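What follows is one structure encoded as structure tokens, with my remarks underneath.
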Amino acid sequence: MTTTATAADTGAAIAALRAATEAALEAALPPETAWPGTIHRAVRYSLFAGGKRIRPLLVLAAGEAVGGAREDLLPLACAVEMIHTYSLIHDDLPAMDDDDLRRGKPTSHKVFGEAIAILAGDALLTRAFHLLATVPSGVDDALARRRLAATAVLAEACGTGGLIGGQVMDLESEGRAIDTAALERLHRAKTGALLTACVRGGAILGSARPNELEALSRYADAVGLAFQVVDDVLDATESAERLGKTAGKDAAAHKATYVSLHGIERARELASGLLRDALAALEPLGPRAALLAALARLVVDRHS
């Protein structure tokens, strides 16, 4: 098989996973016509505003790499995208990053008002764990235990030791000088924790062996940090039209970033090094990890 054919096959596989995620998300939410309609419109407005669906793709690719069934992985894939979207809605609020643009569209609070935007984020977070806690009848005990374990991993990543803690540190660091170690801790919590939970949760649902879980965890740690390093570069180099959100926000808010600490070229070198680390971590899985390798490259090579 040629390199071109392999790339085409990988692209088709990623497209299929995206399509499966979109269908599952649609099925997992109440329709806009359900009472109360305003909140369901707000939830759907943000969840289906576009986006690359990298987090659910990581769940599905990691789980299937170790033999997991797609139908067992999709609830977690949907849950992580709901949680990611909730975090974006809240991050854009005037009390947080105060942004008017997300995924090329007005942010939730600009369309529905701050109160409904807050509740839309709350609704998505709640729905995510409702989805994971609703185990279909007939599911065997082993899968139920794996689902509970994956849920615990996700919940920890979203809490004060992960996403929430990272957001607190981000807010408290505005306008202050922090060193590289503190910046890495901030981003491993705010961004990396959820990305790592996607990979680990998918692997757990797929019954990963200990050595596979260890390899996938190292991969996730590298990809999670690389994602934020690239975000910092893009914020400094791309336009709002390309990004789908306000450009230059980090510098305007006097936030410490990999670009402000190291410069653009060194930040790009760090992202490339993290990509190498991620790909090296996948070597024990061989061809089974082809999609995960492609997703790591997508994270580092993206322009939005």
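Bear in mind the structure is a predicted one, so any value in this text is a computation, not a measurement.
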Going by atom type alone, with no hydrogens or angles, which donor-acceptor pairs under 3.5 Å involve a side-chain atom of residues 53-61 and a protein atom two or more places apart or on another chain?
{"unit_1": "Arg53", "atom_1": "NE", "unit_2": "Glu22", "atom_2": "OE2", "d": "2.5"}
{"unit_1": "Arg53", "atom_1": "NH1", "unit_2": "Leu47", "atom_2": "O", "d": "3.0"}
{"unit_1": "Arg53", "atom_1": "NH1", "unit_2": "Glu81", "atom_2": "OE2", "d": "2.8"}
{"unit_1": "Arg53", "atom_1": "NH2", "unit_2": "Glu22", "atom_2": "OE1", "d": "3.2"}
{"unit_1": "Arg53", "atom_1": "NH2", "unit_2": "Glu22", "atom_2": "OE2", "d": "3.2"}
{"unit_1": "Arg53", "atom_1": "NH2", "unit_2": "Leu47", "atom_2": "O", "d": "2.8"}
{"unit_1": "Arg55", "atom_1": "NE", "unit_2": "His84", "atom_2": "ND1", "d": "3.4"}
{"unit_1": "Arg55", "atom_1": "NH1", "unit_2": "His84", "atom_2": "NE2", "d": "3.3"}

Report summary line: In short, Leu186 meets Ser173 closest at the heavy-atom pair CD1-OG, 4.1 Å
**Report entry** CZ/Arg185: more than 12 non-hydrogen atoms of other groups inside 6.0 Å
**Finding:** no
Report summary line: Between the CG atom in Leu183 and the CZ atom in Arg188, the distance rounded to the nearest 0.5 Å is 11.0 Å
Requested in this report: Apply side-chain contact (heavy atoms from CB on, under 4.5 Å) to Thr257 and Asp235, showing your working.
Outcome: CA-CA 10 Å; Thr257 68; Asp235 186 77; over 6 Å; no
Query raised in the report: Hey, does the side chain of Arg147 reach the backbone of Asp72 with a donor-acceptor pair shorter than 3.5 angstrom?
Result: no
Requested in this report: Check Tyr219 against Ala281 and note the closest heavy-atom contact, atom names and distance.
Outcome: N-CB, 3.6 Å
**Report entry** Student check: side-chain heavy atoms of Leu261 and Arg266 closer than 4.5 Å
**Finding:** no
Query raised in the report: Would you call the rings of His262 and Tyr258 parallel, tilted or perpendicular if under 30° counts as parallel and over 60° as perpendicular?
Result: parallel
Requested in this report: Check Ala189 against Ala193 and note the closest heavy-atom contact, atom names and distance.
Outcome: O-CB, 3.4 Å
Requested in this report: Start with the C-alpha gap between Leu171 and Glu174, add the side-chain angles, then the distance that decides, and say whether side-chain contact (heavy atoms from CB on, under 4.5 Å) holds.
Outcome: CA-CA 6 Å; Leu171 291 169; Glu174 286 188 12; 4.2 Å; yes
**Report entry** Pair Glu26 + Arg44, salt bridge at N-O below 4.0 Å
**Finding:** yes
Requested in this report: Answer with yes or no whether the hydrophobic clustering places Val300 together with Leu274; edges join I, L, V, M, F, W, Y residues whose side-chain heavy atoms lie under 4.5 Å apart.
Outcome: no
Query raised in the report: What distance do Ser207 atom OG and Leu213 atom CG have between them, rounded to the nearest 0.5 Å?
Result: 11.0 Å
Query - For Ile116 against Ala42, the heavy-atom pair lying closest together - result: CG2-CB, 3.7 Å
Report task. Can you measure from CZ (Arg127) to CG (Leu29) and round to the nearest 0.5 angstrom? Result -> 6.5 Å
Query raised in the report: Under a single-linkage definition using a 4.5 Å side-chain heavy-atom cutoff for Ile, Leu, Val, Met, Phe, Trp and Tyr, are Leu76 and Val135 assigned to the same hydrophobic cluster?
Result: yes
Query raised in the report: Does His40 use its side chain to pair, donor to acceptor, with the backbone of Ala34 at less than 3.5 Å?
Result: yes
Query raised in the report: Do the non-hydrogen side-chain atoms of Leu17 and Arg70 ever get within less than 4.5 Å of each other?
Result: yes
Query raised in the report: Judged by atom type as modelled, is there a donor-acceptor pair below 3.5 Å linking the side chain of Thr126 to the main-chain atoms of Asp122?
Result: yes
Query raised in the report: salt bridge (Lys or Arg N to Asp or Glu O under 4.0 Å) with Glu156: which residues, sequence neighbours excluded?
Result: none
Requested in this report: I would like to know whether Val259 and Val233 meet side-chain contact (heavy atoms from CB on, under 4.5 Å); could you show each step before the answer?
Outcome: CA-CA 6 Å; Val259 170; Val233 172; 4.0 Å; yes
Query raised in the report: Without hydrogens or angle criteria, can the side chains of Ser217 and Arg200 be said to hold a donor-acceptor pair below 3.5 Å?
Result: yes
Query raised in the report: Would you call Asp231 and Lys190 a salt bridge, using N to O less than 4.0 angstrom?
Result: no
Report task. Answer with yes or no whether the hydrophobic clustering places Ile204 together with Leu74; edges join I, L, V, M, F, W, Y residues whose side-chain heavy atoms lie under 4.5 Å apart. Result -> no
Report task. Could I get the full list of ring-ring contact (aromatic ring centres under 6.0 Å, His included) partners for Phe112, not counting sequence neighbours? Result -> Tyr45
Query - Side chain to side chain, Arg288 and Glu212, heavy atoms closer than 4.5 Å - result: yes
Report task. Evaluate the side-chain proximity of Lys110 to Asp92: yes if any heavy-atom separation is below 4.5 Å, no if none is. Result -> no
Query - Exceeds 12 heavy-atom contacts within 6.0 angstrom, atom NZ of Lys105 - result: yes
Query - NZ or CZ of Arg302 within 45° of Phe227 ring axis and under 6.0 Å - result: yes
Query raised in the report: If you look at every heavy atom in Ala123 and Ile39, which pair is closest and at what distance?
Result: CB-CG1, 4.4 Å
Report task. Examine the side chains of Arg18 and Thr21 and answer whether a donor and an acceptor come within less than 3.5 Å of each other. Result -> no
Requested in this report: Could you please spell out the steps behind the salt bridge (Lys or Arg N to Asp or Glu O under 4.0 Å) verdict for Lys255 and Asp97?
Outcome: CA-CA 11 Å; Lys255 287 188 177 184; Asp97 276 3; 3.1 Å; yes
Query raised in the report: Do side-chain atoms of Thr85 reach the backbone of Ser46 as a donor and acceptor pair under 3.5 angstrom?
Result: no
Query raised in the report: Are Leu291 and Val80 co-members of a hydrophobic cluster defined by side-chain heavy atoms under 4.5 Å apart?
Result: yes
Query raised in the report: Hey, what do you get for CZ (Arg41) to OG (Ser108), rounding to the nearest 0.5 Å?
Result: 12.0 Å
Requested in this report: Could you walk me through whether Val66 and Leu216 pass side-chain contact (heavy atoms from CB on, under 4.5 Å), step by step?
Outcome: CA-CA 10 Å; Val66 295; Leu216 289 171; 4.0 Å; yes
Query raised in the report: How far does CG of Leu132 sit from CD1 of Ile83, to the nearest 0.5 angstrom?
Result: 7.0 Å
Query - Rounded distance (nearest 0.5 Å) linking atom NZ of Lys52 with atom CG of Leu295 - result: 12.0 Å
**Report entry** Within one Ile-Leu-Val-Met-Phe-Trp-Tyr cluster: Val229 and Ile178, side-chain cutoff 4.5 Å
**Finding:** yes
Requested in this report: Please name the pair of heavy atoms, one in Gln228 and one in Thr191, separated by the smallest distance, quoted to 0.1 Å.
Outcome: OE1-OG1, 2.6 Å
